[in-house]
> 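Got a structure here, written out as structure tokens. Questions coming.
As the structure is a computational prediction, the values presented were derived from the model and not from experiment. All ligand and atom numbering here is 1-based and tracks the order in the structure.
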Amino acid sequence: MAEPAKPKRILVTGGSGLVGKAIEKVVADGEGRPEEEWIFLSSKDADLTSATETKALFEKHKPTHVIHLAAMVGGLFRNIKYNLDFWRRNVHINDNVLHSAYECGVQKVVSCLSTCIFPDKTTYPIDETMIHNGPPHSSNFGYSYAKRMIDVQNRGYFEQHGCRFTAVIPTNVFGPHDNFNIEDGHVLPGLIHKVYLAKKNGTPLTVWGTGRPRRQFIYSLVISRAEAWGKEGAATGVPNVGRLLGQVFIYLMKIFIPPPFSWKGRGGAVG
Ligand SMILES: NC(=O)c1ccc[n+]([C@@H]2O[C@H](COP(=O)([O-])OP(=O)(O)OC[C@H]3O[C@@H](n4cnc5c(N)ncnc54)[C@H](OP(=O)(O)O)[C@@H]3O)[C@@H](O)[C@H]2O)c1
């Protein structure tokens, strides 16, 4: 007879965000298993920039597994304006979470990196072996370098302590609970909000950029299934979710108007 599965207590930092909420839904809809207890956290449970609060949180919940999503996240303009804050806050959060996980004997940590950490000047297709092959785009160097350092830290915990700390690299995520703030959010929710306002107010639609760059997007509920996979998958190293889930990408070759808005006004690109 097969042995019963060992109980797992899975702590999700950043559980109130876009990706965290999607994982919560996927788990509630059947992806969770009977032996698993899922705990979704927000900054109200602890400020993870504080080592003391982070340690207390881990001692309280005693997780066996961690999906680490908590981060200072923002769109292009917020990144450009606050590079130092993105670096400091994210480095503190990541160091506190990974070290508390190590101290509490967590069996596996899966952190979330981002494709923007790849070198600005690179060849395509990109893969996880290329993360450190050159500087990231200068606009969001604070966020990018902080995320890259998770890979360095994972390697250190593996080599020195044998910890199974790994990471996934998703591209731009969109979905329910997104940040629709036009200044601070990501491109897709920002565009949706702009189209909504143009339609509601009968005003021209102004879109930033030339419209020429190619961008990749992944729906939050799809990435959540990949995250659930990550908690079982590789012991260390960095699975590139972009590559794993290549078939679900949407290539945004030009600005598109979401069908629900049926917008027929004037538009223009500012580049
Ligand atoms: N969104 C994307 O397109 C994208 C793409 C690639 C990778 N990622 C990565 O995926 C992860 C999740 O992103 P997301 O879009 O879901 O982010 P999000 O919606 O901005 O959510 C951020 C989460 O982090 C928590 N948090 C922030 N600062 C914290 C602190 N000091 N202490 C404790 N919790 C804190 C927030 O809690 P509160 O709700 O309480 O503030 C929230 O739950 C991040 O690591 C991000 O870098 C995102």
Side-chain angles (χ1 to χ4, degrees), residues 11-26 39-58 61 66-76 78-79 82 85-98 100 109-118 126 128 131 136 140 142-151 154 166-181 184-192 215-224 226-227 230 238-242 244-245 249-250 252:
L11 196 77
V12 182
T13 72
S16 53
L18 166 65
V19 181
K21 280 285 181 195
I23 295 181
E24 194 173 20
K25 176 159 172 45
V26 163
I39 301 155
F40 292 89
L41 301 172
S42 76
S43 62
K44 293 195 185 76
D45 297 286
D47 176 2
L48 298 174
T49 60
S50 152
T52 317
E53 287 190 35
T54 309
K55 196 172 178 194
L57 187 84
F58 273 72
H61 292 292
V66 172
I67 295 183
H68 172 40
L69 305 173
M72 180 178 178
V73 179
L76 179 64
R78 192 161 173 233
N79 271 282
Y82 300 111
D85 292 352
F86 274 96
W87 162 260
R88 293 195 68 229
R89 272 197 222 170
N90 287 326
V91 160
H92 284 135
I93 289 174
N94 299 335
D95 186 52
N96 291 334
V97 167
L98 293 179
S100 294
V109 179
V110 181
S111 299
C112 211
L113 310 185
S114 169
T115 42
C116 71
I117 72 171
F118 280 104
I126 43 176
E128 60 274 19
I131 296 175
N140 60 349
Y143 176 81
S144 302
Y145 274 119
K147 286 275 168 193
R148 275 191 192 187
M149 290 308 112
I150 292 183
D151 181 52
N154 282 347
T166 184
V168 291
I169 314 178
T171 184
N172 295 271
V173 187
F174 70 98
H177 306 282
D178 217 332
N179 175 4
F180 289 88
N181 186 300
D184 291 347
H186 288 125
V187 59
L188 215 53
L191 262 180
I192 292 170
R215 302 279 297 260
Q216 296 176 322
F217 298 91
I218 190 165
Y219 188 48
S220 59
L221 294 173
V222 174
I223 185 72
S224 302
E227 294 277 6
V238 188
N240 181 346
V241 174
L244 288 170
L245 298 174
F249 286 156
I250 299 166
L252 194 72

> Between Met72 and Arg78, is any pair of side-chain heavy atoms under 4.5 Å apart?
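Side chain of Met72 against side chain of Arg78, heavy atoms only: contact under 4.5 Å found.
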> With atom 8 (N) of ligand 1 as the reference point, say which of Leu113, Ile150, Asn96, Leu69 has the nearest heavy atom.
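Considering heavy atoms of Leu113, Ile150, Asn96, Leu69, the nearest to atom 8 (N) of ligand 1 sits in Leu113.
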> Do the non-hydrogen side-chain atoms of Ser111 and Leu98 ever get within less than 4.5 Å of each other?
yes
> Scan side-chain atoms only and decide if Asp178 and His186 contain a donor-acceptor pair under the 3.5 Å cut-off.
no
> Any N or O of Leu18 that comes nearer than 3.5 Å to an N or O of ligand 1?
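Yes: some nitrogen or oxygen of Leu18 is under 3.5 Å from one in ligand 1.
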> To the nearest 0.5 angstrom, please state how far the OG1 atom of Thr54 sits from the CG atom of Asp47.
7.0 Å
> Looking at non-hydrogen atoms alone, which of Val173, Val12, Leu188 comes nearest to atom 48 (C) of ligand 1?
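Going through Val173, Val12, Leu188 one by one, Val173 has the nearest heavy atom to atom 48 (C) of ligand 1.
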> Please report the interatomic distance CG(Leu113) to CD1(Ile150), rounded to the nearest 0.5 Å.
5.5 Å
> Does only the side chain of Arg89 get under 4.0 Å from ligand 1, or the backbone, or both, or neither? Count heavy atoms.
neither
> Which is closest to atom 35 (C) of ligand 1 in terms of heavy atoms, Ser43, Gly15, Gly74?
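Of the listed residues, Ser43 has the closest heavy atom.
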> Examine Ser114 against ligand 1 and note whether any of their N/O atoms are separated by less than 3.5 Å.
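N/O-N/O distance below 3.5 Å does not exist for this pair.
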> Can you measure from CG (Asn94) to NE2 (His68) and round to the nearest 0.5 angstrom?
4.0 Å
> Would you call the rings of Phe86 and Tyr143 parallel, tilted or perpendicular, taking 30° and 60° as the class edges?
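Because their plane-to-plane angle is over 60°, the rings of Phe86 and Tyr143 count as perpendicular.
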> Pick whichever of Asn94, Val73, Ile23 has a heavy atom sitting closest to atom 20 (O) of ligand 1.
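Minimum heavy-atom distance to atom 20 (O) of ligand 1 goes to Val73.
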> Would you indicate whether the side-chain heavy atoms of Ile169 and Ile131 approach each other to under 4.5 Å?
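Yes. Closest side-chain heavy atoms under 4.5 Å.
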> By number and element, which atoms of ligand 1 are closer than 4.0 Å to a non-hydrogen atom of Asn172?
3 (O)
> Taking heavy atoms and a distance under 4.0 Å, where does His177 meet ligand 1: side chain, backbone, both or neither?
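It is neither; nothing of His177 touches ligand 1.
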> Between ligand 1 and Met72, is the shortest N or O to N or O distance under 3.5 Å?
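No; the residue has no nitrogen or oxygen that sits under 3.5 Å from a nitrogen or oxygen of the ligand.
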> Any chance you could measure Asn140, atom CG, to Ile117, atom CD1, to the nearest 0.5 Å?
10.5 Å
> I'd like to know if Tyr143 contacts ligand 1, where contact means a heavy-atom distance under 4.0 Å to any ligand atom.
yes
> When you compare ligand 1 with Gly20, is there at least one nitrogen or oxygen pair between them that comes in under 3.5 angstrom?
no
> Nearest 0.5 angstrom please: Glu53 CD to Ser100 OG, how far?
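Going from the CD atom of Glu53 to the OG atom of Ser100 covers 11.5 Å.
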> Taking only non-hydrogen atoms of Ala46, do any sit less than 4.0 angstrom from ligand 1?
yes
> Are the side chains of Pro176 and Ser220 in touch, meaning some heavy atoms are under 4.5 Å apart?
yes
> Compute the shortest N/O to N/O distance between Ser16 and ligand 1 and return yes if it is under 3.5 Å, no if not.
yes
> Within the 4.0 Å heavy-atom shell around Lys147, which atoms of ligand 1 are there?
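What qualifies from ligand 1 is 44 (C), 45 (O), 46 (C), 47 (O).
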> Does the N or O separation between Thr171 and ligand 1 drop below 3.5 Å for any pair?
no
> As an exercise, state the distance from NE2 of His177 to NZ of Lys21, rounded to the nearest 0.5 Å.
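Answer rounded to 0.5 Å: 5.5 Å.
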> Pairs of nitrogen or oxygen atoms closer than 3.5 Å, one from Leu48 and one from ligand 1: do any exist?
yes
> Among Thr13, Val19, Ile93, whose heavy atom sits nearest atom 16 (O) of ligand 1?
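Selected option, by shortest heavy-atom distance: Val19.
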> With heavy atoms of Pro170 as the reference, note each atom of ligand 1 found under 4.0 Å away.
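Heavy-atom distances to Pro170 below 4.0 Å select 6 (C), 7 (C).
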